[in-house]
Amino acid sequence: CGEVLADDCGALLDCNGNGRCQSGKCWCDLGWSGSHCDAAGACPNNCSSHGSCKWGSCWCDKYFTGDDCSQEDGDVPGSTAGVSTSNSIMIACGATAAGAFAGVLWKLLLEQRKRQKLLEFLKQAEGEEYGGGASYAGL
């Protein structure tokens, strides 16, 4: 292999990163032109600094829309995608209520288990010499 020299594609043979070099000629990506793919297609209002200009059109960032990405799309930044703020509040309230219910249920089951263990202990102790007078009828 010999040394690759620069040709019509530019010094790095990369068409400025906006195309591909084939047979000594730059084949530009959509939205780019020029012999070295160095001329970008213009986008309206430079995409209002809320998007990227590709192929002569704005590709808007999240939460922005419009031909020049100047309009907010109504979603709240930081919210769960696809869920409105009011629905997020309802989900949070539902999760809190479910957590509270689970806590109460766990507490009731724990108390029942404690009572069962105490009852087993008293039944076992009734037959032993130290627990002969114990009564568990009221439990």
Side-chain angles (χ1 to χ4, degrees):
C1 288
E3 182 180 335
V4 177
L5 301 175
D7 62 8
D8 290 340
C9 294
L12 299 176
L13 304 174
D14 68 351
C15 301
N16 289 304
N18 302 316
R20 70 182 194 290
C21 182
Q22 189 172 11
S23 302
K25 181 180 178 189
C26 283
W27 295 89
C28 302
D29 294 335
L30 289 175
W32 294 93
S33 62
S35 61
H36 295 100
C37 301
D38 53 357
C43 285
N45 199 20
N46 196 24
C47 300
S48 303
S49 299
H50 296 295
S52 302
C53 183
K54 295 181 182 176
W55 307 297
S57 297
C58 289
W59 293 77
C60 300
D61 295 336
K62 190 174 182 178
Y63 309 119
F64 292 92
T65 187
D67 291 339
D68 63 352
C69 302
S70 63
Q71 302 165 354
E72 293 185 23
D73 67 1
D75 284 341
V76 177
S79 69
T80 307
V83 179
S84 68
T85 303
S86 61
N87 287 342
S88 295
I89 292 169
M90 293 299 291
I91 291 169
C93 290
T96 302
F101 176 74
V104 168
L105 183 62
W106 183 84
K107 178 83 170 149
L108 290 173
L109 291 173
L110 180 65
E111 291 299 319
Q112 181 183 5
R113 179 148 171 88
K114 284 181 182 178
R115 277 191 229 107
Q116 285 175 344
K117 289 290 187 182
L118 179 60
L119 186 59
E120 288 173 14
F121 172 77
L122 290 174
K123 283 182 180 180
Q124 181 183 5
E126 186 177 62
E128 297 177 4
E129 66 183 81
Y130 297 111
S135 174
Y136 53 87
L139 294 178

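The basis for the numbers below is simple: all heavy atoms, side chains too, and nothing from hydrogens, waters or symmetry mates.
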Q) What pairs of residues pass the salt bridge (charged side-chain N to carboxylate O under 4.0 Å, His left out) test when at least one of them lies in residues 91-107, not counting sequence neighbours? A) K107-E111
Q: Return the minimal non-hydrogen interatomic distance between F64 and E72, and the atom names on each side.
A: CE2-CG, 3.8 Å
**Q.** Separation between CZ of R115 and CG of L110, rounded to the nearest 0.5 Å
**A.** 10.0 Å
Q | Under 2.5 Å between SG of C60 and C69 | A | yes
Q) C58 versus P44: any side-chain heavy-atom pair under 4.5 Å? A) yes
Q | CG/N45: more than 12 non-hydrogen atoms of other groups inside 6.0 Å | A | yes
(Q) Can you give me the closest heavy-atom contact between N18 and C37, atom names plus distance? (A) ND2-O, 3.0 Å
Q) Roughly how far, to the nearest 0.5 Å, is the CG atom of N16 from the SG atom of C21? A) 11.5 Å
Q. Roughly how far apart are R20 CZ and K25 NZ, rounded to 0.5 Å?
A. 11.0 Å
Q: For residues C26 and H36, report the shortest heavy-atom separation together with the two atoms involved.
A: SG-CA, 4.0 Å
Q. With a 2.5 Å cut-off on the SG atoms, do C43 and C53 make it?
A. yes
Q | N/O donor-acceptor pair under 3.5 Å between S48 side chain and D68 backbone | A | yes
